[in-house]
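Each chain gets a letter, A, B and so on, in the order the sequences are listed, and its residues count up from 1. Values in this document were obtained by computation on a predicted structure and should not be read as measured data.
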Protein chains: 2
Amino acid sequence: MDPRVARSRATVLDAATAILVESGPTALTVDAVVARSGVARSTIYRHWATRDDLVGDVFDHCTPLPAPPPAELGFEAAMRHFLHDLVRQFADPKWARLMPALMALKSYEPTMGAIEQRREAMERKVSHELFTRGQREGLFGPDLDRNQATALLVGPIVFALVSGEVPITEHLADASLASFMAGVRAGAATAP
Amino acid sequence: MDPRVARSRATVLDAATAILVESGPTALTVDAVVARSGVARSTIYRHWATRDDLVGDVFDHCTPLPAPPPAELGFEAAMRHFLHDLVRQFADPKWARLMPALMALKSYEPTMGAIEQRREAMERKVSHELFTRGQREGLFGPDLDRNQATALLVGPIVFALVSGEVPITEHLADASLASFMAGVRAGAATAP
DNA sequence: ATGAAACAGTACGATACTGTCTCGTACTGG
DNA sequence: CCAGTACGAGACAGTATCGTACTGTTTCAT
C-alpha cells in the first residue's frame with residue numbers, strides 16, 4: 001500500500017475522531033475535517049465515497065470489542081474479568097463520549113444501527129457463553145433469562161457512563177457482580 | 001391567554017415532538033415543522049426566538065418527572081414503587097426514543113445538558129430520600145454509596161432501554177430490586 | 001362593530017454543507 | 001530516471017437551513 005494513502009487515511013481518521021469526540025456527529029463535516037487535518041477535500045473524497053462512509057469508519061475505528069475471558073475460569077471469575085474489561089473500555093474518554101452518540105444514532109440511522117448491532121452481538125455472544133459456564137456449575141438453571149441477567153450485570157456500568165455521577169471503576173463492577181451473585185444464591189435471578 | 005396562541009403552540013409542539021421521535025434531532029428543522037403542522041413559519045418565530053428554543057421546549061414537554069413514593073412505605077416497597085414508575089415512564093415509546101437522544105446531546109449542547117441535569121437532579125433527590133428510609137430501617141449504614149446503589153438499581157432498566165434486547169417490565173424492576181436487596185442482606189452493597 | 005393581535009403565505013439574504021471537477025505539484029515504485 | 005499516482009488548493013453548482021421582512025386575512029376581546 002502506498003504510504004501516502006496510509007498517511008492520509010490515518011490523518012483524516014484522527015482528525016475526524018477528535019471532532020466527533022469534542023463536538024458530536026453533526027459537527028463532523030467534511031469541511032471541518034479538512035480544516036483540522038490539513039488534508040485536502042479531494043483527497044478525502046478519493047478515500048471515502050460519502051461523508052456517511054467516513055463517519056461509519058470513525059465509529060468502526062473506535063469501537064472496542066469485548067475480550068473473551070480465559071476458558072479455565074469459572075463463571076464468577078470469568079464474569080468479573082468480562083466486567084473489568086468493560087470498565088477499562090469505558091475508562092477511555094474517547095469511547096465514553098462516542099457510545100452515547102452511537103446509541104442515539106442507531107435509532108435513526110440504519111448505517112450506525114448496523115455498527116452498533118455488530119458490537120452488541122459480539123458482546124452478547126461472550127456474555128452468553130459465560131452464562132453457559134454458570135449453568136454447568138449449577139449456579140442457575142437453564143430457565144435463567146440471560147438477557148435480563150446481562151442487564152443486571154452490565155446495566156449499572158452503562159448507567160454510570162451515561163449518568164456521569166458514578167465513577168466507573170472496578171469496584172463498581174465488583175459491586176454489580178456481588179449483588180447479582182447474592183441474588184442468584186437467594187434464588188431471585190432464576191425466576192423466569 | 002389568547003386561544004389562538006394556545007392552539008398554535010400546541011400544534012407546533014405536537015408536530016415537533018413527532019418529528020423528533022420519528023427522525024431525530026437533526027431532522028427537527030423549522031421547515032419540517034411548518035410542513036407537518038401547517039402552522040406558518042412566521043407564527044413559529046413569533047413564539048420561539050430560535051430553533052434551539054423550540055427543541056428545548058419539546059424536550060421539556062416530554063420529560064417525565066419521578067413521582068415520590070408514599071411516605072408511609074418502607075425502603076423496599078417505596079423503591080419498588082419508584083422503579084415501577086420508571087418502567088412506566090420508559091414504556092412510553094415517545095420518551096423511550098427521546099431519552100437516548102437527550103443523553104447524547106447533553107455532552108455537546110449545554111442547553112440540553114441543563115434540561116437533562118434538572119431531570120436527573122429530581123430523580124436523584126427522590127432516590128436519595130428513599131435511601132434515607134433504608135438507613136433509618138437499619139438495612140445499611142450511612143457509608144452506603146448512594147450514587148452507586150442508584151446505579152445498581154436503575155442501571156439494569158436503563159440498559160434495557162438502550163439495548164432494546166430486554167423487555168422493560170415490572171418484572172425486570174423486581175429482579176433488579178431483589179438482586180440489590182440480596183446484596184444488601186449479604187453485606188455486599190455496604191462496602192465503601 | 002372595531003381596533004389589536006395573531007395568523008398564513010411567501011419572498012429574501014446569508015450561511016453552511018455536499019459532492020464534483022480541474023490544474024499544477026510532489027511523491028513513489030520499478 | 002520516469003511514468004503513474006497521490007496530493008493540495010480551490011472553484012463550482014446544487015441544496016438545505018436559518019432567521020427576517022412584508023402582505024393580506026382571520027380571529028379575539030371589548
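- Close to C:dC7, at under 4.0 Å from its OP1 or OP2, lies a side-chain N or O of B:His47.
- Summarising the geometry of B:Phe159 relative to A:Gly155, their closest heavy-atom pair is CB-CA, 3.5 Å, with the distance given to 0.1 Å.
- The phosphate of C:dC7 has OP1 or OP2 within less than 4.0 Å of a side-chain N or O from B:Arg46.
- Between A:Leu139 and A:Glu76, the closest side-chain pair of non-hydrogen atoms is not below 4.5 Å.
- For the pair A:Arg9 CZ and D:dA6 C1', the interatomic distance rounds to 14 Å; values are reported in whole Å.
- A distance of 8.0 Å separates CZ in B:Arg119 from NZ in B:Lys106, rounded to the nearest 0.5 Å.
- Note on A:Asp31: a base of the nucleic acid sits closer than 4.0 angstrom, heavy atoms only.
- Aromatic rings from B:Phe140 and B:Phe75 are positioned such that their centres are separated by under 6.0 Å.
- Counting atom types as modelled, A:Ser42 pairs a side-chain N or O with a base atom of D:dA9 as donor and acceptor under 3.5 Å.
- Put simply, OH on A:Tyr45 is 14 Å from C1' on D:dC12, counting in whole angstrom units.
- Residue A:Arg7 contributes atom CZ, which lies 14 Å from atom C1' of D:dT5 at whole-angstrom precision.
- Rounded to whole Å, the distance from CZ on A:Arg4 to C1' on D:dG8 is 13 Å.
- Protein atom CE of B:Met1 is 16 Å distant from nucleotide atom P of C:dA5, rounded to whole Å.
- Judged by distance alone, with hydrogens and angles left aside, A:Thr50 brings no side-chain donor or acceptor close enough to the base of C:dG19 to form a pair under 3.5 Å.
- One atom, CG of A:Asp53, and another, P of C:dT18, lie 13 Å apart when rounded to the nearest Å.
- Look at CD1 on A:Ile44: it is 12 Å from P on C:dG19, rounded to the nearest Å.
- Nucleotide D:dT20 holds its P atom 16 Å from the CH2 atom of B:Trp48, rounded to whole Å.
- Within 4.0 Å of A:Ser8, counting heavy atoms only, lie sugar-phosphate atoms of the nucleic acid but no base atom.
- Between A:Thr43 and D:dG8 there is a side-chain polar atom (N or O) within less than 4.0 angstrom of OP1 or OP2.
- The base of C:dT10 has none of its N or O atoms less than 3.5 Å from a complementary donor or acceptor on the side chain of B:Arg41.
- The side chain of A:Asp2 lies closest to C:dT28 when the candidates are D:dA9, C:dC7, C:dT28.
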| field | Verdict with reasoning, B:Ser176 to B:Arg80, per side chain to side chain donor-acceptor pair (under 3.5 Å) | value | CA-CA 10 Å; B:Ser176 180; B:Arg80 189 185 319 275; over 6 Å; no
